J.: 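Mind having a look at this structure? Questions to follow.
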Protein chains: 2
Amino acid sequence: MKIGILAAKTGFSIQTIRFYERKSLLAAPERTASNYRSYSEDALKQLLFIKQCRALDMTIEEIKLVLETRANPENSCENVNTTIDKHVDDIEHRIAELKLLQETLISIRSTCDHDKKVKECGVLHQLDSIAEACSSNTDNESQLIC
Amino acid sequence: MKIGILAAKTGFSIQTIRFYERKSLLAAPERTASNYRSYSEDALKQLLFIKQCRALDMTIEEIKLVLETRANPENSCENVNTTIDKHVDDIEHRIAELKLLQETLISIRSTCDHDKKVKECGVLHQLDSIAEACSSNTDNESQLIC
DNA sequence: GCTTGACTCTATACCAAGTATAGAGTTTAC
DNA sequence: GTAAACTCTATACTTGGTATAGAGTCAAGC
């Protein structure tokens, strides 16, 4: 199967498939006489597996590790689980951060109703006054937003 | 004030300050006779303002827009508000995505207790079987995880 | 006057995870 | 035979910085 078909079947772009090959996430396939890549069904399965991992936001390095672990059925799957656990944790932190940011944004946004001029804009004044406060406070480390 | 002092006062690294100058986020400062950058208090305030914006996850292009808008007090502040609104929206979507991902990860993770072998690992089986299912289903668009 | 260390300068390369392009060759359909 | 569609390699670009090399500058101590 040529790369265009594989791309259509997996939903990856042709460039991304070649990129994964360069990154050793996907083995270099056979070539035709005219140097076109020729993929097996296994390559398709591998790419779909990779797709699941990417959908779970794993990095390429992490996926490489999972693929290596998976290659030997007698291996312990411990580091696969560790990878998943780490992600669950990371995502939890990220959600917390985003929620805080969301609140800050909404709070700032509430200080300007609509279509005012710059000099009257509560949003800009907020941003300025926080900056001012940080400027006069030399102890940057202890502040949330500075 | 030299760049090292400015870096210490703002919490940005020296490289980042020079990077912002290259990106036209910060005006090129005066130079000393020996070609060292020499910053004013205004540059400090500008950087602290930029810091607030970055803390709100604005991109450099967005910050540039806000700075340009801010430069003229008679301007309408509408696009500043639009920028903030867009961010609130983006973050909401991102949080929803992450929550879904979190659930998927936890669900997959629950299929492997601890220190099993690869061939018995529920996590790997899950990843595989989703990939299999996607492989036999040609209608990729309508599926959540494929 | 000389050296040492701390500071700054420019230019360039690197990170992740791809995307986009140019320019060349190949295959397929009519 | 030719045109469209496909593939190839190589390279540059994206974002928001970070890290390095190699050179120049400045202040302090001897």
Side-chain angles (χ1 to χ4, degrees), chain A residues 1-26 28-40 43 46-47 49-67 83 86-87 90-91 94 97-98 101, chain B residues 1-26 28-40 43 46-67 83 86-87 90-91 94 97 101:
Chain A
M1 153 176 38
K2 281 192 281 183
I3 198 167
I5 305 292
L6 190 61
K9 283 195 179 176
T10 59
F12 284 120
S13 75
I14 290 173
Q15 295 101 304
T16 299
I17 294 172
R18 290 198 280 238
F19 170 74
Y20 284 166
E21 182 182 326
R22 263 204 321 284
K23 290 281 165 180
S24 309
L25 211 54
L26 192 64
E30 304 280 304
R31 298 287 183 127
T32 66
S34 54
N35 202 32
Y36 283 12
R37 288 173 179 82
S38 178
Y39 293 97
S40 65
Q46 173 107 337
L47 266 180
F49 185 89
I50 291 169
K51 194 150 208 229
Q52 292 315 306
C53 294
R54 285 295 299 134
L56 299 178
D57 244 12
M58 290 186 207
T59 65
I60 288 180
E61 285 309 312
E62 285 169 336
I63 298 172
K64 220 184 275 186
L65 188 71
V66 172
L67 287 171
T83 300
K86 185 177 154 294
H87 271 278
D90 286 352
I91 291 169
R94 187 66 187 137
E97 273 175 17
L98 286 176
L101 180 55
Chain B
M1 153 176 39
K2 280 192 282 184
I3 199 167
I5 306 291
L6 190 62
K9 283 194 179 176
T10 59
F12 284 120
S13 74
I14 290 174
Q15 295 100 305
T16 299
I17 294 172
R18 292 199 279 239
F19 170 75
Y20 285 165
E21 181 182 327
R22 263 206 320 284
K23 291 280 166 181
S24 308
L25 213 53
L26 193 63
E30 305 278 305
R31 298 288 182 127
T32 66
S34 54
N35 202 32
Y36 284 11
R37 288 174 179 80
S38 178
Y39 293 98
S40 65
Q46 173 106 335
L47 266 180
L48 290 170
F49 185 89
I50 291 170
K51 196 150 208 235
Q52 292 315 307
C53 294
R54 285 295 300 135
L56 299 178
D57 242 13
M58 289 189 209
T59 65
I60 288 181
E61 285 309 312
E62 284 168 339
I63 298 172
K64 220 184 276 183
L65 188 72
V66 171
L67 287 170
T83 300
K86 186 178 153 295
H87 270 278
D90 286 353
I91 292 169
R94 186 69 187 134
E97 273 175 17
L101 181 54

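Fair warning: this is a prediction, and the values are worked out from it, not measured in the lab. Chain letters run A, B, ... following the sequence lines, proteins first and then strands; every chain starts at 1. The basis for the numbers below is simple: all heavy atoms, side chains too, and nothing from hydrogens, waters or symmetry mates.
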J.: Taking the side chain of B:F19 as its heavy atoms from C-beta onward, which of D:dT18, C:dG18, C:dA17 lies nearest to it?
T.: D:dT18
J.: Starting at CD of B:E21 and ending at P of D:dG17, how long is that distance when rounded to a whole Å?
T.: 16 Å
J.: How many Å lie between CD on A:Q15 and C1' on D:dT14, as a whole number?
T.: 14 Å
J.: Using the 3.5 Å cut-off, write out each protein N or O paired with an N or O of nucleotides 10-14 of chain C and the distance between them.
T.:
| from | atom 1 | to | atom 2 | distance (Å) |
| --- | --- | --- | --- | --- |
| C:dT10 | OP1 | B:R31 | NH1 | 3.1 |
| C:dT10 | OP1 | B:R31 | NH2 | 2.9 |
| C:dT10 | OP2 | B:R37 | NH1 | 2.9 |
| C:dT10 | OP2 | B:R37 | NH2 | 2.8 |

J.: Does a side-chain N or O of A:T16 approach OP1 or OP2 of C:dA17 to a distance below 4.0 Å, or not?
T.: no
J.: Dump every N/O contact between nucleotides 23-26 of chain C and the protein below 3.5 Å, one line per pair.
T.:
| from | atom 1 | to | atom 2 | distance (Å) |
| --- | --- | --- | --- | --- |
| C:dG25 | N2 | A:Y36 | OH | 2.8 |
| C:dT26 | O4' | A:Y36 | OH | 3.1 |
| C:dT26 | O3' | A:S34 | OG | 3.3 |

J.: From CZ of A:F12 over to C1' of C:dA17, roughly how many Å is that when rounded to an integer?
T.: 11 Å
J.: Where each residue is assigned the nucleotide of DNA chain D containing its nearest heavy atom, which of A:I3 and B:K2 is assigned the position nearer the 5′ end?
T.: A:I3
J.: Calculate the interatomic distance between A:L6 atom CG and D:dC6 atom P; express it in whole Å.
T.: 15 Å
J.: Whole Å only: how far is the CD atom of B:E62 from the P atom of D:dT14?
T.: 17 Å
J.: Is the count of non-hydrogen atoms from other residues, nucleotides or ligands lying under 6.0 Å from B:E97 atom CD greater than 12?
T.: yes
J.: So A:Y20, base contact, sugar-phosphate only, or nothing? Heavy-atom distance under 4.0 Å.
T.: sugar-phosphate
J.: Supply the atom-to-atom distance A:D57 CG to A:E62 CD, rounded to the nearest 0.5 angstrom.
T.: 9.5 Å
J.: For A:I50 and A:T10: C-alpha separation, side-chain torsions, deciding distance, then whether side-chain contact (heavy atoms from CB on, under 4.5 Å) applies.
T.: CA-CA 10 Å; A:I50 291 169; A:T10 59; over 6 Å; no
J.: side-chain contact (heavy atoms from CB on, under 4.5 Å) between B:Y39 and B:I5: does it pass, once the steps are laid out?
T.: CA-CA 9 Å; B:Y39 293 98; B:I5 306 291; over 6 Å; no
J.: Got A:E21 and A:P29 here, is their nearest side-chain heavy-atom distance under 4.5 Å?
T.: yes
J.: Distance check needed: C:dC7 P versus B:M1 CE, whole Å only.
T.: 17 Å
J.: Between A:K23 and A:K64, is there a donor-acceptor pair closer than 3.5 Å when you use the side chain of the first and the backbone of the second?
T.: no
J.: D:dT18 phosphate, OP1 or OP2: any side-chain N/O from B:S13 under 4.0 angstrom?
T.: yes
J.: B:K2 side chain to B:Y36 main-chain N or O, any donor-acceptor pair under 3.5 Å?
T.: no
J.: Testing the basics here: between B:R94 and A:L98, what is the closest heavy-atom pair and its distance to 0.1 Å?
T.: CG-CD1, 3.6 Å
J.: Which whole-number value in Å describes the distance from B:I14 CD1 to D:dT18 C1'?
T.: 13 Å
J.: Take A:Y20 and A:I60, measure what side-chain contact (heavy atoms from CB on, under 4.5 Å) needs, and give me the verdict at the end.
T.: CA-CA 9 Å; A:Y20 284 166; A:I60 288 180; 4.0 Å; yes
J.: What is the separation between atom NZ on B:K23 and atom P on D:dC13, rounded to the nearest whole Å?
T.: 11 Å
